[in-house]
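Have a look at the structure below, then the notes.
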Number of protein chains: 2
Amino acid sequence: MTTQPSQPPARSRVLQAYEDLLINDGPRAATLDAVAAAAGVSKGGLLYHFKSKEALTAGLVEKLGELAEVDFALMAKDPDGCAKYYVRTSVFGGTTFDRTVVAAMRLAQGDDTTVRAAFSKMHERWYQLILGDIGDPAIARAVMLIGDGLYYNAALFGLPAHVGNDAGPDGSVDVQSLLAVVERMGSAPRT
Amino acid sequence: MTTQPSQPPARSRVLQAYEDLLINDGPRAATLDAVAAAAGVSKGGLLYHFKSKEALTAGLVEKLGELAEVDFALMAKDPDGCAKYYVRTSVFGGTTFDRTVVAAMRLAQGDDTTVRAAFSKMHERWYQLILGDIGDPAIARAVMLIGDGLYYNAALFGLPAHVGNDAGPDGSVDVQSLLAVVERMGSAPRT
DNA sequence: TTTACTGTACCGGCTGGACGGTCTAGACTA
DNA sequence: TAGTCTAGACCGTCCAGCCGGTACAGTAAA
């Protein structure tokens with residue numbers, strides 16, 4: 001039995017392994033051999049599903065896009081509002097989307113135009129949603145930047161497994177008080 | 001004339017070229033050959049000054065540390081206060097320090113523990129300065145994150161040559177209104 | 001119901017090129 | 001002529017992509 005439909009198919013296992021390696025060991029370590037090994041597939045098998053490393057990245061971007069659409073929808077109808085939703089979900093929580101975002105972010109500093117463009121698009125959508133919620137462009141921008149800062153810190157430095165209720169120097173942040181700050185910003189008088 | 005003391009010596013030209021390549025083309029493109037060529041130096045010449053690529057990175061980190069000390073001093077005695085100083089200077093302005101920070105940031109996602117540690121230290125110092133200025137940990141954290149977001153966006157996406165007064169989707173940000181938001185945050189009532 | 005053929009899924013050795021680092025020959029200065 | 005620095009050929013390693021092969025499932029003619 002070469003194929004076992006009852007477990008994740010090779011293609012998605014490969015994508016998953018690629019993400020894991022990007023997150024844990026960085027882009028340099030995410031070689032085709034390493035990805036294949038981590039996915040429990042041979043190199044040839046990997047290349048059967050993804051013609052090249054570029055195609056592998058494209059696969060990741062595609063997955064990112066799909067998950068982003070879901071996120072946009074959740075954000076738009078969150079009872080707390082888009083701004084708080086953005087900051088709240090920017091703290092790495094270990095969801096599938098989080099992992100895919102962080103993995104893709106690791107790729108974004110390379111010459112990878114594809115990944116960069118995908119992020120631009122996502123950012124624009126998020127910004128529009130927050131702006132529509134908040135109204136003030138400057139505050140919307142500030143909220144976005146707070147979320148970005150959280151995500152980037154998570155991507156560059158270790159990913160805190162659990163978010164403590166005390167603010168460490170880099171990683172962990174007290175989300176509750178941060179959300180309170182965002183709340184005050186949102187209700188502050190316009191310029 | 002192998003050495004011309006009247007112009008930047010080879011060592012600093014190499015460091016400069018390394019930064020430029022990191023910023024413009026990413027870490028992958030910053031090979032020893034490329035750096036040497038960009039610095040107008042042979043590969044052997046480069047390796048005379050920096051024994052290895054690791055030593056080259058260490059040189060960058062050292063430069064970063066020195067420039068950071070200057071920045072801390074400026075920050076501590078800025079009339080606008082530390083928080084506004086941080087956000088204001090987080091917008092890429094093309095200064096030597098900016099370029100060094102962004103270059104080092106490009107290196108930080110690798111397995112480069114040295115660079116990572118240097119950033120942790122810098123972050124901690126900045127945070128302490130802002131906290132001393134602002135008082136509220138949550139707001140200080142929010143200010144830091146806004147600055148981080150600005151820097152990371154600059155590092156990952158293109159560096160805007162000039163900061164426009166209109167907020168584009170990703171890169172350019174209206175600093176003035178952002179500073180106003182920070183100001184309101186700083187004067188907001190504590191939780 | 002056996003045999004022959006086709007397409008899908010996967011394997012792993014190989015190669016060519018790129019890169020980091022070494023080595024030696026030499027040029028300029030003091 | 002000793003010291004300082006440059007130059008670039010060269011070597012070993014690593015990696016992406018290629019390619020010849022294997023295993024098996026489905027189909028269909030005989």
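This is a predicted model, so every value here is computed, not measured. Sequence lines set the chain letters: A, B, ... in the order given, protein chains first and strands last, and positions in each chain run from 1.
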Reckon B:Y48 has a side-chain N or O less than 4.0 Å from the OP1 or OP2 of D:dT6?
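So the side-chain polar atoms of B:Y48 never come under 4.0 Å of the phosphate oxygens OP1 or OP2 of D:dT6.
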Between B:S42 and D:dA7, does any side-chain N or O lie under 4.0 Å from OP1 or OP2?
yes
For A:D148 and A:Y86, run side chain to side chain donor-acceptor pair (under 3.5 Å): C-alpha distance rounded to whole Å, both residues' side-chain angles, the deciding distance at 0.1 Å, then the answer.
CA-CA 9 Å; A:D148 292 351; A:Y86 189 70; 2.8 Å; yes
Using the closest heavy atom to pick a nucleotide of DNA chain C for each, name whichever of A:H49 or B:S52 lands nearer the 5' end.
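So the residue in question is A:H49.
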Tell me whether A:N153 contacts the main-chain N or O of A:G149 through its side chain, where contact means a donor paired with an acceptor under 3.5 Å.
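Answer holds: yes.
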DNA chain D: A:K51 or B:G40, which has the more 5' nearest nucleotide?
B:G40
Mapping A:G44 and A:A30 to their closest nucleotides on DNA chain D, which lands nearer the 5' end?
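Its nearest nucleotide being more 5', the pick is A:A30.
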What's the closest nucleotide to the A:L47 side chain, out of D:dC18, C:dC10, D:dT6?
D:dC18
Quick one: B:F50 CZ to D:dC5 C1', roughly how many Å, whole number?
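So the CZ-C1' distance, B:F50 to D:dC5, works out to 14 Å.
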Between the CG atom in A:L178 and the CD1 atom in A:I146, the distance rounded to the nearest 0.5 Å is 5.5 Å
Taking the basic N atoms (NZ, or NE/NH1/NH2) and the acidic carboxylate oxygens, is any pair closer than 4.0 Å for B:E19 and B:R106?
no
Hey, is CD on B:E69 packed in by over 12 heavy atoms from elsewhere, all under 6.0 Å?
yes
Can you give me the N/O atom pairs linking the protein to nucleotides 12-15 of chain D at distances under 3.5 Å, or say none if there are none?
none

Considering only heavy atoms from C-beta outward, does the side chain of B:D71 approach that of B:W126 to under 4.5 Å?
yes
